[in-house]
Amino acid sequence: MSQHALLSVGAKAWRSIPCLRSELRLDLTLGCGQSFRWRETGEGHWTGVMGGRVWTLTQTEDTLWYHVYSNPGNTALINGQKRKAEVGPQHSEKKLKQVSTVKKEEDELDLDAVSSEQDEKAGTLLRDYFQLDVKLGDLYREWSDADQHFSQTAHIFTGVRMLRQDPVECLFSFICSSNNHISRIQGMVERLCNTLGTPLCKLDDTHYHDFPPLQALADSKVEACLRDLGFGYRARFLQQSAHLIMNSHGPDWLYTLRSAPYLQARDALRTLPGVGLKVADCVCLMSLDKSEAVPVDTHVWQIAKRDYNCAAGHGQKTLTDKLYNEIGDFFRKLWGCYAGWAHSMVPCFSLADGRTAMQRDDSHGPSGYIQAGQLNGS
DNA sequence: GATCGACCTGG
DNA sequence: CAGGTCGAT
């Protein structure tokens, strides 16, 4: 039986990308609620699905190591472009059939020993996913120059980086996030994939599945199915949004929003059921290349008032659309066009002066914004 | 615009 | 109550 790869064991083939820990912290980036698809499967080893493949990632001081597992009876590694086309017409049934008959040769062939062309694609895919061309060190310096509060605490948390996720996965994961907390969202997304996604491979009793394509999510039976899986009222939102995209826009629509201006993309997303300002901003920031999008929740609002003396919404009780936009604008003015990236460190701030914050605040603790253990090793 | 209650489920 | 959204005041 296949097992999760471990760098120290070395039985699996590992490839690497030069990457300083200061430019990427796997634990903070993968485990803080951007993507709900990664699990720590060994010490410092993160396993998840990305680009239609199962990966295990780990890092040393100056190197990012990755192992890509072969999918028994699946097609070659796909890149971002090809995936885009694939989201369209065909669904699992057809895909599975095609897969089992053709591509026999690759079943025998483990990716561990596969062509350098594949290796190159994998590296490219990973660099794209982590957006390694964006130099985090430069951004940190800019934010620190502009923001005294940032400079006080940010240096402790270098390497928190924005992922460039698949828009379909990002959208439907964050529709699940409403009125909900991270651990449950993770479970829901997992059940969603296991039920509607194409199986990829099995590692140590864990079955990994691709994220379901739009077509599968749009099926009218999906709402009932997801309600059974404990999605609650979000079941309808998921199915309806998928259906709306498929029927009114087409399967490529989400991807085309990558080249639309920020506010235009956000408005477009907001026409989908279950997508408000917060979810739309999450999708813009984490999958549509809108680095200026700042998802605002009550926690960010508190930080804005407490740490930044932001006057917006003074004496207001609810987070209205107007106030939401004002707070976003406030941080965009402060941090510039990568404000969304800077915003992802906000949870780290409250953690950094967590002791004082917790004593001063009240006794609610860190409010689940950051999960326990996330700071280990910092 | 701003406020309010409902919406599913589990910790 | 939870990292929200929707529809009705």
Side-chain angles (χ1 to χ4, degrees), chain A residues 28-29 31-36 160 162-163 165 170-192 222-242 244 266-287 293-307 312-329 331 339-340 342-351 354 357 361-372 374:
Chain A
L28 295 178
T29 303
C32 68
Q34 284 189 56
S35 164
F36 305 98
V160 182
M162 197 52 57
L163 300 172
Q165 301 185 60
C170 192
L171 170 64
F172 290 92
S173 297
F174 278 95
I175 289 178
C176 297
S177 76
S178 80
N179 200 3
N180 212 346
H181 45 276
I182 290 184
S183 58
R184 183 149 88 107
I185 302 168
Q186 281 182 339
M188 288 164 62
V189 172
E190 188 171 17
R191 292 195 293 280
L192 179 70
V222 161
E223 178 182 350
C225 169
L226 294 183
R227 278 195 181 264
D228 287 340
L229 292 177
F231 279 63
Y233 62 88
R234 304 167 197 83
R236 187 198 339 252
F237 289 156
L238 291 169
Q239 190 275 329
Q240 285 181 337
S241 281
L244 184 61
R266 191 176 71 164
D267 287 344
L269 291 172
R270 282 232 285 159
T271 65
L272 302 171
V275 181
L277 279 170
K278 165 78 190 313
V279 171
D281 266 336
C282 286
V283 177
C284 279
L285 174 65
M286 303 176 192
S287 74
V294 178
V296 176
D297 52 44
T298 51
H299 187 71
V300 171
W301 182 21
Q302 300 315 313
I303 298 284
K305 285 194 293 194
R306 192 194 77 191
D307 297 337
H314 181 70
Q316 238 179 263
K317 200 60 205 160
T318 55
L319 189 55
T320 62
D321 285 9
K322 181 170 175 290
L323 178 54
Y324 183 104
N325 287 321
E326 284 171 1
I327 295 171
D329 289 340
F331 284 119
H343 142 279
S344 71
M345 312 211 24
V346 163
C348 297
F349 292 170
S350 33
L351 220 60
D361 241 1
D362 43 24
S363 40
H364 294 350
S367 73
Y369 208 84
I370 280 248
Q371 295 180 307
Q374 218 165 303

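The sequence lines fix the lettering, A, B, ..., with proteins before strands; numbering per chain opens at 1.
Heavy atoms of A:Leu277 sit under 4.0 angstrom from primed sugar atoms or phosphate atoms, though from no base atom. In this structure, A:Lys278 reaches the bases: a heavy-atom distance under 4.0 Å links it to at least one base atom across the strands shown. Note on A:Asn179: a base of the nucleic acid sits closer than 4.0 angstrom, heavy atoms only. At the heavy-atom level, A:Arg227 lies under 4.0 Å from the strands shown only through sugar-phosphate atoms.
Remark: the A:Tyr324 side chain and the C:dG4 base include no donor-acceptor N/O pair separated by less than 3.5 Å.
Taking 4.0 angstrom as the limit, A:Ser177 places none of its side-chain polar atoms (N or O) nearer than this to OP1 or OP2 of C:dG3.
Annotation: B:dG10 and C:dC6 have their C1' atoms spaced 23 Å apart (nearest Å).
Here the side chain of A:His181 is nearest to one of C:dG4, B:dA2, C:dG3, namely C:dG3. Of the candidates B:dG10, B:dC7, B:dA2, B:dA2 carries the atom nearest the A:Gln316 side chain, counting heavy atoms from C-beta on.
Here B:dT9 presents its C1' atom at 17 Å from CD1 of A:Ile182, a figure rounded to the nearest Å.
For the pair A:Ala312 and A:Trp301, the tightest heavy-atom approach, listed with the atom from each and the gap, is O-NE1, 3.9 Å.
Formation of a donor-acceptor pair under 3.5 Å by the A:Thr29 side chain with backbone atoms of A:Val160 is not found in this model.
Atom CG in A:Leu171 sits 11.5 Å away from atom CD in A:Gln165 (nearest 0.5 Å).
The aromatic ring centroids of A:Phe174 and A:Phe36 lie less than 6.0 Å from each other.
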Convert the base pairs of DNA chain C into dot-bracket notation, remembering that pairs crossing earlier ones are written with [ ] and that bases paired across to another strand are shown as |; include only Watson-Crick or G-U pairs under 3.5 Å. ||.||||||
Can you give me the N/O atom pairs linking the protein to nucleotides 6-9 of chain C at distances under 3.5 Å, or say none if there are none?
unit_1 : atom_1 : unit_2   : atom_2 : d
C:dC6  : OP1    : A:Gly274 : N      : 3.1

